Amino acid sequence: MTEQDFILKSYNPHIERGKVKWSSPSNIALVKYWGKRDNQIPENPSISFTLSNCKTITEVTYTKKEGNDFSFDVFFEGEKNEAFKPKIQTFFERIEAYVPFLRDYHFKIETSNTFPHSSGIASSASGMSALALCLMSIEEDLDMDHADDYFNRKASFLARLGSGSACRSIEGELVVWGQNESTVSSDLYGVRFEGEVHANFNNYQDTILLVDKGEKQVSSTVGHQLMYGHPFAKERFKQAHINLAKLKNSLLSGDIDTFIEVVESEALTLHAMMMTSMPYFILMKPNTLEIINKIWSYRNETNSKACFTLDAGANIHMLYPENEKVNVLEFIKNELVSHCQNGHYICDQIGLGANQIED
Ligand code: PMV
């Protein structure tokens, strides 16, 4: 599908009000998106596990209004929130060409997360995808039926314009975003990974070890900009294509050793890009390194297949097969919890994507 296909051409102007609600998960990238062109087009392809428990739940009530401005209120966890408004205003400006009814209605946006506030877990992927899905349900109320995959494709397309990685949160269990030679893909929206994933990856676990619950030191907007003129950018973008091809093979064949190699290397490369940019940043904390070293020792000593990945921050996502759950959680409690802020961690696993909530 092209950008033109996502422009809503006409809709029923007589609908006065309505309410829609979605729950949408976060996702964790295995091959990382870092660097973008205009209009949130990624410089390289990425692939992620959709999560199951870390979600945003958003309800949007829309009411017909006069006037031609954008009009919306945001409530976060029950309280009116002004801090989110500029981001949503920018989002509306970016997407209005595709959803022209945005100026016809007042929107009451009520949102909450299942994960604790200030846990250092970015809520932009789950938050922006939940909002995009609500807008798509409104479009459906005003428009009528769409072809089957149009709804999800356009939801992902809109979510991308809110926050790039949000386009990978609509579906599960693995989603690819960014054109590449190895998988069915698009730069405009996320696409479910095609092919039968080996049973070794069924219900793959992700335990998020909260090393630093503070605000992100580098926003992803600033982070992506660091890739402009970065001395290693070109090679890094090439490497992502190679890593995606390797990861694809490991997912299909069940080769967890290659999976570990690609996933850990991707995490460290993301951080290496930030260490070697100008200005430069170190986003890991001493406890991040302590945990990485302990995971490596544990793997050597026990033949476990547990590995780690990182976002653009200090927290660790520990990924492991479901059949190791009991042992790994024991290891986490005994060895890793002492490196987490206030001993906090969140247990999650690979999930199926967003859900509409009917009240
Ligand atoms: O979606 P953004 O602009 O917040 O960028 C997210 C980038 C990473 O989380 C670091 C990697 C990724 O692919 O999700």
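Every number for a ligand or one of its atoms is a count from 1 in the order of the listing. Computed from a predicted structure; not experimentally measured.
The N/O atoms of Tyr33, backbone and side chain alike, include one that comes under 3.5 Å of an N/O atom in ligand 1. Checked by distance only, ligand 1 and Ser165 come closer than 3.5 Å through their nitrogen or oxygen atoms. Residue Lys32 has no nitrogen or oxygen atom sitting less than 3.5 Å from a nitrogen or oxygen atom of ligand 1, judged on distance alone. Not one N or O of Ser46 is nearer than 3.5 Å to an N or O of ligand 1, by distance alone.
Distances from ligand 1 to the non-hydrogen atoms of His224 include at least one value under 4.0 Å.
In this structure, the protein non-hydrogen atom closest to atom 2 (P) of ligand 1 is Ser220 OG, 3.5 Å. Residue, atom and distance of the protein heavy atom nearest to atom 9 (O) of ligand 1 are Asp311 OD1, 3.5 Å.
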| message | Using the rule given for side chain to side chain donor-acceptor pair (under 3.5 Å), can you reason through Tyr33 versus Ser48, listing the C-alpha separation, both sets of side-chain angles and the distance that settles it, and then say yes or no? | response | CA-CA 10 Å; Tyr33 148 61; Ser48 50; over 6 Å; no

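Below 4.0 Å from some heavy atom of Ala29 lie the following atoms of ligand 1, by number and element: 12 (C), 13 (O), 14 (O). Every atom of ligand 1 with a heavy atom of Trp34 under 4.0 Å away is listed here by number and element: 7 (C), 10 (C). With ligand atoms numbered from 1 in the order given, ligand 1 contributes 1 (O), 2 (P), 4 (O) to contacts under 4.0 Å with heavy atoms of Ser163. Here is the list of ligand 1 atoms found below 4.0 Å of a heavy atom in Gly164: 1 (O).
Between Arg236 and Glu266 a salt bridge is recorded (basic side-chain N to carboxylate O distance below 4.0 Å). We find that Lys305 and Glu324 are not joined by a salt bridge, their nearest charged nitrogen and carboxylate oxygen being 4.0 Å or further apart. No salt bridge links Arg192 with Glu171; every basic N to acidic carboxylate O contact stays at or beyond 4.0 Å. Salt bridge Glu235/Lys238: present, at least one basic N to carboxylate O contact under 4.0 Å.
Using the six-membered ring where Trp is involved, Phe101 and Tyr105 have ring planes that are perpendicular, over 60° apart on the 30 and 60° scheme.
Judged purely by distance below 3.5 Å, without hydrogens or angles, the side chains of Ser163 and Lys87 never pair a donor atom with an acceptor atom.
As a member of the Ile/Leu/Val/Met/Phe/Trp/Tyr network built from side-chain separations under 4.5 Å, Met278 groups with Tyr280.
At a heavy-atom cutoff of 4.0 Å, ligand 1 is contacted by the side chain of Arg168 but not by its backbone.
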